[in-house]
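On a predicted model such as this, the values are computed, not experimentally measured, just so you know. To find a chain, count down the sequence lines: A is the first, B the second, and so on, and within it residues start at 1.
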Number of protein chains: 2
Amino acid sequence: MLATDFKEAITAADRVLVQIRTAIVEGEIPAGTKISEPELARRYDLSRAPLREALARLERCHLIERTPNAGARVVKLSIEGLRSLYQLREELEGLACRLAAEHMTEQEIAEVRALLDQHLSTQRVREGESYYQEAGDVDFHYRVILGSKNPYLINILSDELYFLVRMYRVQLGMNGPRVSRAFDEHKAIINAIANRDGELADLLMRRHIAASKRNIEQQLLQQGTSHG
Amino acid sequence: MLATDFKEAITAADRVLVQIRTAIVEGEIPAGTKISEPELARRYDLSRAPLREALARLERCHLIERTPNAGARVVKLSIEGLRSLYQLREELEGLACRLAAEHMTEQEIAEVRALLDQHLSTQRVREGESYYQEAGDVDFHYRVILGSKNPYLINILSDELYFLVRMYRVQLGMNGPRVSRAFDEHKAIINAIANRDGELADLLMRRHIAASKRNIEQQLLQQGTSHG
DNA sequence: TTTTTACTTATTGTCGACAATCTGATGCTC
DNA sequence: GAGCATCAGATTGTCGACAATAAGTAAAAA
């Protein structure tokens with residue numbers, strides 16, 4: 001099921017997947033928690049069959065880890081995990097930029113630009129409100145990824161890796177000057193794509209992601225040293 | 001479940017997954033076939049619950065495509081699909097090479113070299129037998145991928161993309177001089193890794209994969225023009 | 001003849017119960 | 001007292017049956 005598919009029919013498994021997924025990403029179900037199927041089935045008021053279907057998909061996007069006959073656990077956030085994840089993300093979104101510079105239509109590029117302007121105005125109103133930054137950033141990256149027109153790349157980035165990326169970002173947050181700086185970086189990236197300069201877009205995207213990684217890394221280090 | 005995990009407990013879903021997966025990869029269940037859950041359940045003599053678990057994992061590695069309430073279909077092989085897949089594969093295995101040059105131990109490198117020598121001797125005995133070439137090639141790539149030490153990269157390449165890659169290769173085959181040439185390319189790649197020259201290993205791997213792609217592409221084109 | 005509609009049929013999605021397996025605690029042996 | 005075996009409890013894996021949805025067919029109306 002690629003992100004580009006239309007939602008043809010919503011099943012109970014789909015609904016509970018979205019619910020549990022956001023609960024994990026937002027930290028409502030804390031990292032490292034043991035997942036109990038009977039408990040979740042009661043909590044979301046359905047049987048274990050669709051629940052297990054949802055758990056299988058959560059495993060697919062690395063939000064939980066399952067071991068046969070032993071159950072599932074919400075993934076733990078760690079520095080090594082962050083580095084591995086962002087290492088891959090740099091490479092893949094860099095590729096997405098090169099492909100987007102090649103395949104995005106003028107129409108699509110114009111839409112992304114409109115999106116950025118809209119985010120900017122929203123951001124100015126709600127200064128420092130990191131949630132809007134979060135949503136806007138995800139949206140921007142999502143558009144570029146779709147612009148690559150490579151279904152496997154789209155699937156991996158937006159269906160598999162992105163929820164874990166969001167989990168790191170939501171739980172460890174963006175802070176300080178990064179929030180406003182990210183807008184300028186997005187602008188520069190879409191400009192490069194508009195100029196059909198894939199190499200530059202690639203480079204800028206890698207730097208953008210690397211900067212984001214350093215930011216979260218610091219949060220993780222601080223949290224690690226202060227509490228443990 | 002990463003490929004690096006130990007097989008802690010084999011469940012019925014695991015067994016039937018392997019069976020159906022090889023059946024699809026080898027073409028025993030032809031590309032484009034509609035998957036009937038009751039039929040497969042009878043055929044493999046188990047209930048639909050573990051079967052559906054297996055189907056979920058087959059969807060994950062892009063061997064089948066599911067639409068809600070409408071069932072699953074074995075994926076069709078196409079030129080566009082091949083290009084998208086190999087585009088991603090080039091990028092990811094290139095990255096794997098750079099990381100392997102950084103992280104593989106001398107021990108691991110020596111093992112890969114021993115593996116190659118072993119493959120070479122086997123190959124000489126069974127000249128032109130493409131199955132051994134297939135197995136050997138997969139094994140080589142698998143070792144390099146593991147050498148990257150990046151769990152997400154390992155998961156995507158060896159658990160998700162590789163079965164589809166094998167499906168293209170098994171059903172459309174390796175032919176002619178590619179078979180023997182691949183050995184030399186493998187040698188060159190592991191040499192670059194041994195020299196800790198990540199950039200060169202990256203480059204060589206991309207070329208290696210690109211050559212493989214062209215080979216399969218030709219088969220697909222010939223097949224497409226000759227049969228309809 | 002073509003289109004629409006109702007119906008039949010088969011398939012998928014979901015449920016509750018049973019079997020196999022793991023976890024933790026209790027008691028026994030050394 | 002430490003270590004191991006055994007057992008109780010709970011959890012996961014699997015099963016067969018029911019409900020909901022989609023596909024195909026035949027009949028009726030335009």
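- The interatomic distance linking R73(B) (CZ) with dT11(C) (C1') rounds to 13 Å, in whole Å.
- Protein atom CD of E39(A) is 12 Å distant from nucleotide atom C1' of dT11(D), rounded to whole Å.
- Counting non-hydrogen atoms under 4.0 angstrom, A12(B) reaches the backbone sugars and phosphates but no base.
- The six-membered or imidazole ring of H208(A) lies near that of H186(A), with a centre-to-centre distance under 6.0 Å.
- For E37(B) and L46(A), each mapped to the nucleotide of DNA chain C holding its nearest heavy atom, the one lying further toward the 5' end belongs to E37(B).
- As judged by a 4.0 angstrom heavy-atom cut-off over every strand, I35(A) is placed among residues touching the sugar-phosphate backbone only.
- One atom, CG of D45(A), and another, C1' of dT14(C), lie 13 Å apart when rounded to the nearest Å.
- Atom pair Y44(B):OH and dT14(D):P shows a separation of 16 Å (rounding to whole Å applied).
- The shortest distance between the side-chain N/O atoms of K34(B) and the OP1/OP2 oxygens of dT12(C) is below 4.0 Å.
- In this structure, Q219(B) contributes its side chain and L172(B) its backbone to a donor-acceptor pair below 3.5 Å.
- Nearest nucleotide to the P50(B) side chain, out of dC15(C), dC15(D), dT12(D): dC15(D).
- Salt-bridge check for E108(A) with K149(A): passed, with a basic side-chain N closer than 4.0 Å to an acidic carboxylate O.
- Checking the phosphate oxygens (OP1, OP2) of dA10(C), no side-chain nitrogen or oxygen of S36(B) falls inside 4.0 Å.
- Here the nucleotide nearest the side chain of S47(B), chosen from dT11(C), dG16(D), dG13(D), is dG16(D).
- When heavy atoms are screened at a 4.0 angstrom cut-off, L51(A) is found touching no nucleic acid atom at all.
- Atom-to-atom, CZ of R66(B) to P of dA22(D) comes out at 16 Å; the value is rounded to the nearest Å.
- Atom pair L40(A):CG and dT11(D):P shows a separation of 12 Å (rounding to whole Å applied).
- Within the 4.0 Å cut-off from OP1 or OP2 of dT12(C), not a single side-chain nitrogen or oxygen of T11(A) is found.
- Remark: R166(A) is not positioned above the aromatic ring of F163(A), lacking an NZ or CZ atom under 6.0 angstrom from the ring centre and at most 45 degrees off the axis.
- Sequence order on DNA chain C of the closest nucleotides to N69(A) and E53(A) puts E53(A) first from the 5' end.
- Per the geometry, CZ belonging to R48(B) stands 8 Å off C1' belonging to dT11(C), to the nearest Å.
- Here the nucleotide nearest the side chain of R52(B), chosen from dC15(C), dT14(C), dG13(D), is dT14(C).
- A salt bridge does not link R143(A) with E93(A): every distance from a Lys NZ or Arg NE/NH1/NH2 to an Asp or Glu carboxylate oxygen is 4.0 Å or more.
- In this structure, CD1 of I10(B) is placed 18 Å from P of dA20(C), rounded to the nearest angstrom.
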